[in-house]
Amino acid sequence: LVTGIEGNFADDPTGGFIRRGWERMNAMVREKGYSLKTNGRWFEEELEPRAEGNLRLDLYAEIS
C-alpha cells in the first residue's frame, strides 16, 4: 500500500505533514478492509519535490 505526501518544515516545523500521511495510510487500511502483514515493513522513499523547499515522500506499508 502506498500514499504520497509533500510539505516542508518551514510551514510545519513539527513535521505533522508526515504524521498525517501515515494516519491517512492507516485510514486506507481500515476503509479497504486490508490487513497489515505481520512483521511487515513500513518505510518512506524520498522523491523529487514538486515545489522548491519541500520534502516529498512515498509512504509504504506491506499488506497481506
Side-chain angles (χ1 to χ4, degrees):
L1 187 63
V2 64
T3 191
I5 60 168
E6 186 165 348
N8 65 65
F9 292 101
D11 294 335
D12 188 353
T14 65
F17 65 99
I18 299 171
R19 178 185 44 79
R20 287 187 297 278
W22 284 113
E23 289 171 350
R24 186 171 66 236
M25 174 82 72
N26 283 314
M28 285 191 293
V29 168
R30 286 189 305 274
E31 290 168 8
K32 302 290 185 183
Y34 296 145
S35 295
L36 294 172
K37 186 175 179 180
T38 302
N39 298 322
R41 296 176 298 158
W42 293 62
F43 58 97
E44 303 166 346
E45 178 183 15
E46 188 171 351
L47 305 169
E48 186 70 31
R50 293 184 186 130
E52 188 174 332
N54 277 1
L55 173 66
R56 181 176 169 208
L57 301 171
D58 272 352
L59 309 177
Y60 297 87
E62 288 185 292
I63 57 175
S64 54

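Judged by distance alone, with hydrogens and angles left aside, the side-chain atoms of Asn8 form a donor-acceptor pair with the main-chain N or O of Ala10 at under 3.5 Å.
Note that CD1 of Ile5 is 9.0 Å distant from CZ of Arg20, once rounded to the nearest 0.5 Å. For the atom pair OG1 of Thr3 and CG of Asn26, the computed distance is 11.0 Å after rounding to the nearest 0.5 Å. Here the straight-line distance linking atom CG of Asp58 with atom CD of Glu6 works out to 10.5 Å at 0.5 Å rounding.
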Under 3.5 Å, which donor-acceptor pairs do the side chains of residues 28-47 form with other protein atoms, sequence neighbours left out?
| residue | atom | partner | partner atom | Å |
| --- | --- | --- | --- | --- |
| Glu44 | OE2 | Trp22 | NE1 | 3.0 |
| Glu45 | OE1 | Tyr60 | OH | 2.8 |

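Considering every non-hydrogen atom in both Ile18 and Leu55, the closest pair reads CD1-CD2, 4.2 Å.
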